[in-house]
Amino acid sequence: MSELHVYNSHSKKKEPFNPIDPNRITMYVCGPTVYNLIHIGNARPAVVFDTLYRLLKRHYPNVIYARNITDVDDKINKAAFEQNRTIKDVSDEFAQKYLDDIAHLNVLEPDIQPRATDHIGEMITMVQALIDKGHAYEAEGHVLFAVDSFENYGELSGRDMDDMIAGARVEVAPYKRHAADFVLWKPSDDSQPGWESPWGYGRPGWHLECSAMIEKHLGISIDIHGGGQDLQFPHHENEVAQSCCAHDGQEYVRYWMHNGYITMKGEKMSKSLGNIFTVRDLLEKVPGEVLRFVLLSAHYRKPLDWSESVIEAARKTLDGLYNALYLKSAIEPSSDTAEIEKLVEPVEQALLDDLNTPLAISHLHELAKQLNKADDEHSALYKAALIEAAHRMGLLFNNPEEWRKGDAVSDGLSDDEIEQLITERAQAKADKNWARADEIRDLFSESNIILEDSASGTTWRRG
RNA sequence: GGCUGAAUGGUAGAGUGGUUAUACAGUGGAUUGCAAAUCCAUGGACGUCGGUUCGAUUCCGGCUUCAGCCUCCA
């Protein structure tokens with residue numbers, strides 16, 4: 001496999017990636033609704049599609065990546081009301097915290113980060129177009145999309161509307177013509193955010209923003225649309241319906257990609273269940289790179305069960321990779337790009353195969369092992385290859401020595417004290433005073449510091 | 001109830017119609033004053049029942065279990 005293949009959740013198959021225009025790749029990913037802190041599940045699409053973005057940029061000259069922020073939503077209204085704050089205040093705060101959080105996961109900034117509130121005009125235009133074309137209707141102050149008017153409705157998520165209605169457990173609003181019709185525009189009262197529209201003062205339905213922002217920033221048809229699996233229905237299904245109907249049936253999205261869930265003890269992690277770990281809390285305990293590594297250690301379409309032990313495993317693995325670089329600190333990485341590319345190739349191939357990051361990581365181990373046992377000349381090459389391969393996944397971007405030393409614990413030994421004790425121990429060793437030497441090492445051990453003796457001296461790291 | 005998807009060694013996790021995934025943990029060895037780190041070696045797996053096949057963990061079908069969607073959700 002030498003070209004990119006992606007699993008298209010529309011066709012349910014892995015397909016070769018044939019972009020609409022190789023000179024302008026377009027990708028859109030659904031970002032969060034900003035009403036509280038994001039949890040690690042929200043971070044998964046950010047990291048997964050960041051990895052895809054990096055990959056695309058390597059293979060195409062011009063990639064335009066948009067990731068939105070939903071800042072109009074009834075959940076935000078509710079949070080603002082409960083906290084006695086303005087809606088904008090709440091959404092601004094959590095939008096910024098979202099960006100700060102994922103920046104710690106080494107997620108690149110997308111080219112465009114559109115916000116719903118900046119695109120109300122575009123949304124109104126789209127609603128009007130849908131009404132004009134007979135795909136939407138007004139009822140009791142609402143504008144609804146008529147799913148009956150779109151014959152492919154349900155195709156993306158593989159659903160049959162009749163079956164769904166038969167199994168429906170939710171009461172249908174009386175003004176809907178069809179139970180599956182969804183809101184494009186709804187009325188607002190004074191306490192809710194609203195804008196003037198041909199249908200009165202109101203606000204858009206949730207699905208509309210993505211359709212409108214994609215049209216404005218990326219075009220009528222885009223290559224890749226990504227998001228969490230839980231968005232496939234109804235959110236993405238409704239986007240397809242709106243956009244196709246507004247654009248007279250033109251293709252909306254060529255490749256749909258959905259990432260699997262983060263689970264907790266096998267159960268989906270979600271804000272409504274409350275079984276969440278916020279990224280912010282996790283970052284208190286471990287470096288962001290550890291979190292990114294965990295997220296990439298399972299294939300993006302598979303569920304990933306979050307636990308203390310996967311975090312520990314990721315940290316240990318990264319320790320090993322950084323150690324390989326650290327041991328060769330004195331070696332200048334090679335700049336022989338052709339030779340480096342050869343060594344990095346297996347990693348690139350794994351990524352090109354529908355973002356097989358676990359396989360790519362296994363190749364990282366191979367490079368690290370080769371680096372560990374290489375002589376100086378080969379070390380330069382393997383070191384460069386390991387760094388390059390890891391960077392392609394947004395990994396190993398920290399300084400190896402700083403990584404080893406970790407963060408000094410406030411009540412533990414300072415770096416200076418550590419160096420002093422190491423000097424004392426070196427003297428004890430020279431005197432063959434093994435008891436004192438071991439005593440000092442035990443002292444370190446209590447502070448979670450591990451000593452490593454080598455021919456060139458003693459080094460230390462925080463375990 | 002309808003529809004999806006998943007089930008791999010102690011754990012995490014790829015992949016494949018016949019030949020080593022990989023990592024952590026374990027075991028043996030090299031190395032070390034002893035360790036640590038590193039290297040070498042090694043045991044251990046494909047939910048269940050059938051079918052196709054010379055041969056299936058891999059393809060097909062039934063079953064079981066689990067998760068998810070059908071309501072906001074990454």
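In the text below, chain A, chain B and the rest are named by the order of the sequence lines, each starting its count at 1.
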(request) Return the value, rounded to whole Å, for the distance between atom CG of A/Asn275 and atom P of B/C73. (result) 17 Å
(message) Quick check with a 6.0 Å cut-off and a 45 degree axis cone: is A/Lys176 positioned over the face of A/Phe182's six-membered ring?
(response) no
(message) Salt bridge or not between A/Lys97 and A/Asp101? Use side-chain N to carboxylate O under 4.0 Å.
(response) no
(request) Please measure how far the C1' atom in B/A23 lies from the corresponding atom in B/G44, and state the result in whole Å. (result) 15 Å
(request) Ignoring the backbone of A/Leu327, work out which of B/A37, B/G13, B/A74 is nearest its side chain. (result) B/A37
(request) For A/Met269 and B/C69, give me the distance from atom CE to atom C1', rounded to whole Å. (result) 19 Å
(message) Roughly how many Å apart are B/C24 and B/A37, using the P atom of each and rounding to a whole number?
(response) 11 Å
(message) If I take atom CD1 in residue A/Ile450 and atom P in nucleotide B/A35, what distance separates them, rounded to the nearest angstrom?
(response) 16 Å
(request) Map A/Asn323 and A/His365 onto RNA chain B by nearest heavy atom, then report which one ends up closer to the 5' terminus. (result) A/His365
(message) Suppose you measure atom C1' in B/A21 against the same atom in B/G9; what distance do you get, rounded to whole Å?
(response) 12 Å
(request) Run the salt-bridge test on A/Lys405 and A/Glu401 with the 4.0 Å N-O cut-off and return the result as yes or no. (result) yes
(message) Just to be sure I understand the rule, does A/Asn356 reach a base, reach only the sugar-phosphate, or reach nothing, if contact means heavy atoms closer than 4.0 Å?
(response) sugar-phosphate
(request) Report the distance from atom CG of A/Leu295 to atom C1' of B/A12, rounded to the nearest whole Å. (result) 14 Å
(request) Classify the side chain of A/Lys268 and the base of B/C73 as holding, or not holding, a donor-acceptor pair under 3.5 Å. (result) yes
(message) Check the phosphate of B/C40 against A/Lys373, side-chain N and O only, distance under 4.0 Å to OP1 or OP2. Yes or no?
(response) yes
(request) Tell me what A/Glu366 touches on the nucleic acid: a base, only sugar-phosphate, or nothing, going by heavy atoms under 4.0 Å. (result) nothing
(message) Counting only side-chain heavy atoms from C-beta out, which of B/A36, B/A23, B/C34 sits nearest to A/Lys369?
(response) B/A23
(request) Output yes when at least one side-chain N/O atom of A/Lys316 is less than 4.0 Å from OP1 or OP2 of B/A12, else no. (result) no
(request) Go through B/C34, B/C70, B/U22 for me and flag the one nearest to the A/Asp453 side chain. (result) B/C34
(request) Enumerate the residue pairs fulfilling side chain to side chain donor-acceptor pair (under 3.5 Å) with a member in residues 376-386 of chain A, sequence neighbours excluded, ordered by first and then second residue. (result) A/Lys328-A/Ser379
(request) Using a cut-off of strictly less than 4.0 Å, decide whether A/Arg159 has a side-chain nitrogen or oxygen near OP1 or OP2 of B/G2. (result) no
(request) To the nearest 0.5 Å, tell me how far A/Met269 CE sits from A/Trp306 CH2. (result) 7.5 Å
(request) Using the P atom as the reference point in each nucleotide, state the distance between B/A56 and B/G5 in Å, no decimals. (result) 26 Å
(message) Checking A/Glu284 against A/Arg280 for the salt bridge (charged side-chain N to carboxylate O under 4.0 Å, His left out) test, could you report, in this order, the C-alpha distance in whole Å, the side-chain angles of both residues, the deciding distance, and whether it holds?
(response) CA-CA 7 Å; A/Glu284 295 271 311; A/Arg280 201 147 281 234; over 6 Å; no
(request) Classify the nucleic acid contact of A/Arg436 as base, sugar-phosphate or nothing, counting any heavy atom under 4.0 Å across all strands shown. (result) nothing
(request) Pick base, sugar-phosphate or nothing for A/His39, based on heavy-atom distances below 4.0 Å to the nucleic acid. (result) base
(request) Using only side-chain N and O atoms of A/Trp206, determine if any of them is under 4.0 Å from OP1 or OP2 of B/C73. (result) yes
(message) Does B/U38 have its OP1 or OP2 closer than 4.0 Å to a side-chain nitrogen or oxygen of A/Asn372?
(response) no
(request) Please confirm whether A/Arg44 makes a cation-pi placement over A/Tyr300, using NZ or CZ under 6.0 Å from the six-membered ring centre and within 45° of the ring normal. (result) no
(request) In plain terms, say whether A/Lys316 and A/Glu312 are close enough for a salt bridge, that is, a side-chain N and a carboxylate O under 4.0 Å apart. (result) no
(request) Could you tell me whether A/Leu364 contacts a base, only the sugar-phosphate backbone, or nothing, with contacts defined as non-hydrogen atoms closer than 4.0 Å? (result) nothing
(request) Could you check whether A/Gly158 gets within reach of a base, just the sugar-phosphate, or nothing at all, counting any heavy atom under 4.0 Å? (result) sugar-phosphate
(message) For the P atoms, the ones on B/U11 and on B/A7, what distance do you get once it is rounded to whole angstrom?
(response) 15 Å
(message) So, under a plain 3.5 Å distance rule, would you say the side chain of A/Arg441 forms a donor-acceptor pair with the base of B/A35?
(response) yes
(request) Take the protein atom CD of A/Glu312 and the nucleotide atom C1' of B/A23, then report the distance between them rounded to whole Å. (result) 14 Å
(request) Give one of base, sugar-phosphate or nothing for A/Leu451, where a contact means two heavy atoms less than 4.0 Å apart. (result) base
(message) I'd like to know if the side chain of A/Thr278 reaches the main chain of A/His39, judged simply by a donor and an acceptor atom lying under 3.5 Å from each other, with no hydrogens or angles considered.
(response) no
(message) Under 4.0 Å, counting only non-hydrogen atoms across every strand here, what does A/Gly320 touch: a base, just sugar-phosphate, or nothing?
(response) nothing
(message) Can you work out whether A/Glu452 or A/His363 has the more 5'-proximal nearest nucleotide on RNA chain B?
(response) A/His363
(message) Any carboxylate oxygen within less than 4.0 angstrom of a Lys/Arg side-chain nitrogen, looking at A/Asp92 and A/Arg115?
(response) yes
(message) Students often get this wrong, so: under 4.0 angstrom with heavy atoms, is A/Lys302 touching a base, only sugar-phosphate, or nothing?
(response) sugar-phosphate
(request) Fill in the dot-bracket string of RNA chain B, one character per base: . for unpaired, | for a pair to another strand, ( ) or [ ] for pairs within the strand, taking Watson-Crick or G-U pairs under 3.5 Å. (result) (((((((..(((.....[...))).(((((.......)))))....(((((..]....))))))))))))....
(message) Could you tell me how far B/A67 sits from B/U8 if I compare only their P atoms? Round to whole Å.
(response) 15 Å
(request) Please state the P separation for the pair B/A45 and B/A35 - nearest whole angstrom. (result) 32 Å
(message) Without decimals, in angstroms, what is the distance between A/Ile102 CD1 and B/A74 C1'?
(response) 12 Å
(request) Round to a whole Å and report the spacing from CG of A/Asp354 to C1' of B/G13. (result) 16 Å
(request) Report yes or no: is there a donor-acceptor pair, N or O only, under 3.5 Å between the side chain of A/Asp73 and the base of B/C73? (result) no
(message) What's A/Ala313 touching, base or sugar-phosphate or nothing? Going by heavy atoms closer than 4.0 Å.
(response) nothing
(request) Hey, could you give me the CG/CD distance between A/Asp50 and A/Glu109, rounded to the nearest 0.5 Å? (result) 11.0 Å
(message) Work out how far the C1' atom of B/G26 is from that of B/G43, and round it to whole angstrom.
(response) 9 Å
(message) Looking at A/Asp438 and B/G33, is any side-chain donor or acceptor paired with a base atom of the opposite kind under 3.5 Å?
(response) yes
(request) Round to a whole Å and report the spacing from CG of A/Leu367 to P of B/A23. (result) 12 Å
(request) Give one of base, sugar-phosphate or nothing for A/Ser270, where a contact means two heavy atoms less than 4.0 Å apart. (result) base
(message) What contact category does A/Ser297 fall into here, base, sugar-phosphate, or nothing, at under 4.0 angstrom with non-hydrogen atoms?
(response) sugar-phosphate
